[in-house]
Every structure is written in structure tokens, then in C-alpha cells.
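To start, the structure under review is shown below, and the notes come after it.
Counting starts at 1 for both ligands and their atoms, following the listed order.
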Amino acid sequence: MQPKKTNLGIVRPVRQEAPNLDYIGGAVASLRGAFESGLTRSYAWRVSQLDAMVRMLKAEDTALCEALQRDLNKPRIEAFVTELNEVIAGAHYLKQNLKKWMKPQKVSTPLVLQPGKSWIQSEPLGVALVISAWNYPVLLSLAPMLGAIAAGNAAILKPSELAPATSTLLARLCAQYLDRRALTVIEGGIPETTALLAQKFDHIFYTGNGTVGRIVMKAAAEHLTPVTLELGGKSPCIVDQHADLEVAAKRIAWAKFFNCGQTCVAPDYVLVHEQVHDRFLDLLTATLKQFWGDDPAKSPDYCRIVNGRHHWRLTDLIEGSGRVVVGGQSDAASLYIAPTVLRDVPDDAPAMSEEIFGPILPVIKVASIDEATRRINARPKPLALYLFTNNDANQQRVLNNTSSGAAVINHAVIHLGVQGLPFGGVGESGMGAYHGKHSFDTFSHKKAVLKRATVLEPDLMYPPYSDTKEKWLRRLV
Ligand code: NAD
């Protein structure tokens, strides 16, 4: 295999022999047949599949946690809280509300079109393709699938090849628990995804980096297929002089370093007011020790980097990106990188030039909240923005003067747990959103329906036109 460097600096192997991918067209055609038969449209089918998903997650909890442990050394509790339980909660929420969302939504009809009724009818799009990423391989695969199911679609899931144990297990479990006629998993990497993208889908839901996001969007354009792109970027975190510093240090340490920083909405870097900068660093250092001990390599509660290529990319970022306050140790053999905090990080340092997506946290001193927002606005719009302050004016200033997929005040990452909030990016961090009603809407077409009665048929709108008709129309419209 010849290694190939991507735009993200990630080296991926390139296969020499092209695999036989003829089965992919057949799989898509078979799902389309199932969709066109009407199988997936009924409320009963949708609920049965949401229930089956919950049954699968509960019955296969141990197997799924073991697969996540093999792929990412993910601690059981993190696997349950951030992946399995999130999908279960999402399925329950969809089921609770589905009947209401499926009902036609009435809108008013103007006088000139009376007697008549107008409504919006949600209908499934057809066959959806879900392409997911490796860092939360259960959540990022199954949560979009829930949306596709709730909206009445057939769907193909393509999990990430970089979490192979989870990918293989999901393929087996989905075939065992879900309705195989309409829901299927196709495993594989670039060749399989490329072959899938050549097919016509009715929606493509992609999670991953922006470079591949562009490939997905170009392929979708060939068929005029709508896309949802759940991308990443550098999510900033501001700590001002009015913040509760102990709480901020604890919450930021947790949000940044669980899953070894391999979280799309992890705080990427921290902008701290100069008055509290040193105290914040002391508290952060103490919190890391409290969470993972003197040697996090020995902690059973600390994840590992997904593979050697990302390990190499991340250790490169530490070198030449400022002073290490804490951490910096790494071991390529065990894919370990200690929780690492950097200070005095220049704007052009490697750690500030790309999304970190690992356990490295640059902490940057700023003189004011306005300097913080200026720095944020100088970069592409992030997936999330975090602000730690108890000052209401500063909260409003940051909310009103920045743009991000989401914003959280005095915490980080936890907005994912609010089913009512849309989850998605803006600008380079993505397009479209999901979770709760937003998942249902993403995989639905909102059909506009107008029904006229036939009892009255005035000639008002029809030629030949006259001054009298115009006079009446001007009154009525
Ligand atoms: P990845 O390597 O698992 O790739 C994602 C998917 O793209 C995989 O299924 C993979 O097979 C496919 N893929 C890769 N190269 C391809 C190609 N050339 N053509 C077609 N398909 C291809 O994951 P990643 O991209 O390393 O994920 C990390 C990125 O994703 C980060 O930027 C992170 O912030 C972002 N992310 C975003 C979210 C979100 O919900 N917004 C969640 C997780 C990760």
C-alpha cells in the first residue's frame, strides 16, 4: 500500500487493487424498490424500527461497548453516556412526537382562494445515504438513521472504516434487528463510498471533514441530491474575568479531553482574559491531575488516538506550537497522547492552523471580550462557541457579534443532549441540522397542498378581463 497525504495532513492508505463493487448498485435498487412499495411510509413501520433500534442498543450494550473499546479505548461510561444513551434518548423523543409531526400542518388560505384549505404535508424523500465518521461511530451512524426512519425513508448506512470493530458490528446488528428490506449497512472506505456516491439518492447525510464534504457535495450535485454536511472546525472557548474559574476549568477539561479530544464540538482553543489567565491555567492543571492522575497513561478512564496517522499528526502539532504547561508526553505504540495544555501559542502555530481534533488545548491570553470576538470572527464560522462568564452584557455581546453552529454559556458540548436544539454547523462547519424535530424535517419533503372546493366557480380570475373584475380582485387579494 502506498500512503497518500490528504489536505488535512492525514495519511491514508491507497489500495492497489480495485475491489468489485457491483453489488452497490443492486443494494440501492433493492432499497428503492422497498421504498416505492410503500413499506416505509406507515406510522407503524417507522415506530417498529425506532423500537427495534432501542432493543438493539439495550440488548447489545456489552458488544457495542467492547467494539468502542477496541476502536478507541473508549471507557464504558463514556460509550454509554455519549453514544448508546444518546441514540436511545433520540429514538424515544422521535417516537413521542412522531404522530404529531406526521399530521398535516394547516396554514391560512387567502380570501380570494376561498373556499379552500391549505396545509403542509411531510412526506419521505425516498432512499437516504448516511456516511458517518469514526470518533463516535455508534452515535454518528445511528442518530442520522433514526431521522431517516422517523421520516419514512429507506436508508443505507456507510460507517467509518477507521472504527472497524464498530463498523463490522453495526453491519451485523442492523441486519439482525432492523428491517433489511429498507435499512442496510454497506461497510468500506473510499472506494465503497465513491461507488455509493455515484448512485442516485434522495438525501445524503455526511459527517466528517470538510475536504470530503466537498467531494460529497460535488457528487450529490450530479443528481441534484440535497445534502446535510456535519463538518468540524476550530470551536473556540472564551473565559472572561467574570467567570467562575473553578467551574470553567473543570467543565473545559472534561469537554476537551474525554474521547481524547476527538470530538467535533470539543473546545479547540481557549481565549482567556489576561486578568485571570494564570489562575485559569493553574486550575486547569489541577483539574487534569484530579481527573486522570499523575500519569494519565495509567488511567482506565482515558481514551486513545484512533490510529497511528492521527497520532503522528497530533504529536507534530505539539512541536512548535508554544510552551507546554502540562502534558506533552506520547507513546506511538499505545496511541497515547497525554492531555496537553499549551500557552503563548502564536496565531500561525501549527495548532492554530487546523482543527486539532485531539487532546491538545492552546490557551491564549486576550485583553478584552472584543479582542476575543475579533479573533473568532477572523476564522471560519465554528461548529460551536463556548463562553464562560457571569456577566450578562458580555454574554449578549458575544452572542450578537459572532456566528457559530451552536453557542453554550458556562459549559461546553452538552447542548447535544437537548433534543429540541438543532445540531449542525454554519459556513465551513456545515450545512443543515438534525436531532429531534430537525432530524424529521431533514429527511422529509414539506409538500405544499391547497384544496379548493368546487361549489363556487366565479369567473373573476379568468379572461376576458374587465375593469369590474379588476376592481373586485384589487379588493379581495
Ligand atoms: P472519517 O475518516 O471517518 O471520514 C468520514 C467518512 O468519509 C467515512 O465514512 C469515510 O469512509 C468517508 N470518506 C473518507 N474519504 C473519502 C473520500 N475521499 N471520498 C468519499 N468518502 C470518503 O472521519 P474524519 O473526516 O476524519 O472525521 C473527522 C472530522 O469530522 C473532523 O473535522 C470533525 O470535526 C468532523 N466531525 C463532525 C461531526 C459533526 O457532527 N459535525 C461529528 C464528528 C466529526
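- The salt bridge (charged side-chain N to carboxylate O under 4.0 Å, His left out) with Asp347 is formed by just one residue from the set Arg375, Arg374, Lys234; it is Arg375.
- Each of the following atoms of ligand 1 lies closer than 4.0 Å to a heavy atom of Leu140: 42 (C), 43 (C).
- Asp202 has a carboxylate O that lies under 4.0 Å from a charged side-chain N of Arg32, or vice versa, which qualifies the two as a salt bridge.
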Lys158 and Ser132: CA distance, side-chain angles, deciding distance, side-chain hydrogen bond (donor to acceptor under 3.5 Å, both in side chains) verdict
CA-CA 6 Å; Lys158 210 300 289 171; Ser132 90; over 6 Å; no
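- Ligand 1 has an N or O atom lying under 3.5 Å from an N or O atom of Asn209, backbone or side chain.
- The proximity of Val212 to ligand 1, defined as any non-hydrogen pair under 4.0 Å, is limited to the side chain.
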Check against side-chain hydrogen bond (donor to acceptor under 3.5 Å, both in side chains), Tyr136 and Glu86:
CA-CA 11 Å; Tyr136 290 86; Glu86 277 300 304; over 6 Å; no
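- Taking a cut-off of under 4.0 Å to the non-hydrogen atoms of Ile215, the atoms of ligand 1 that pass are 18 (N).
- The proximity of Ile131 to ligand 1, defined as any non-hydrogen pair under 4.0 Å, is limited to the side chain.
- In Leu383, the part holding a heavy atom less than 4.0 Å from any atom of ligand 1 is the side chain.
- Contact annotation: the side chain of Ile337 approaches that of Thr315 to within less than 4.5 Å [non-hydrogen atoms, C-beta and beyond].
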Residues Leu361, Leu284; criterion side-chain contact (heavy atoms from CB on, under 4.5 Å); working and verdict:
CA-CA 11 Å; Leu361 185 62; Leu284 195 57; 4.0 Å; yes
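- Heavy-atom contacts of Leu231 reach the following atoms of ligand 1: 37 (C), 38 (C), 39 (C), 41 (N) (cutoff under 4.0 Å).
- Here Trp101 and Phe443 keep their ring centres 6.0 angstrom or further from each other.
- Residue-ligand proximity, Thr207 to ligand 1, at heavy-atom distances under 4.0 Å covers atoms 5 (C), 37 (C), 38 (C), 39 (C), 40 (O), 42 (C), 43 (C).
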The test is side-chain contact (heavy atoms from CB on, under 4.5 Å); show your working for Trp134 and Asp71 and say whether it passes.
CA-CA 9 Å; Trp134 53 266; Asp71 285 332; over 6 Å; no
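- Residue Trp134 has at least one nitrogen or oxygen atom sitting less than 3.5 Å from a nitrogen or oxygen atom of ligand 1, judged on distance alone.
- Both tests do not hold together for Lys250 against Phe291: distance to the six-membered ring centre under 6.0 Å, angle to the ring axis within 45°.
- By the 4.0 Å heavy-atom criterion, Tyr136 is excluded from the residues contacting ligand 1.
- Proximity to Leu162 (heavy-atom distance under 4.0 Å) selects the following atoms of ligand 1: 2 (O).
- Residue contacts with ligand 1, taken as heavy atom pairs separated by less than 4.0 Å, do not involve Thr263 at all.
- Counting heavy atoms under 4.0 Å from ligand 1, residue Ser132 touches it through the backbone alone.
- Proximity to Thr193 (heavy-atom distance under 4.0 Å) selects the following atoms of ligand 1: 11 (O), 20 (C), 21 (N).
- Counting heavy atoms closer than 4.0 Å to ligand 1, residue Val265 contributes nothing at all.
- Numbered from 1 in the order shown, with element, the atoms of ligand 1 that lie under 4.0 Å from a heavy atom of Ser160 read 1 (P), 3 (O), 9 (O).
- Checked against a 3.5 angstrom limit, the closest N/O atoms of His310 and ligand 1 fall outside it.
- The side-chain contact (heavy atoms from CB on, under 4.5 Å) with Leu64 is formed by just one residue from the set Leu142, Leu57, Val87; it is Leu57.
- In this structure the side chain of Thr193 never reaches within 4.5 angstrom of the side chain of Glu161, judged on heavy atoms.
- Counting heavy atoms of neighbouring residues, nucleotides and ligands inside a 6.0 Å radius, atom NZ of Lys437 exceeds 12 of them.
- Each of the atoms 15 (N), 16 (C), 17 (C), 18 (N) of ligand 1 lies under 4.0 Å from some heavy atom of Ile190.
- The closest non-hydrogen atom to atom 30 (O) of ligand 1, taken over Ala163, Ala433, Gly208, comes from Gly208.
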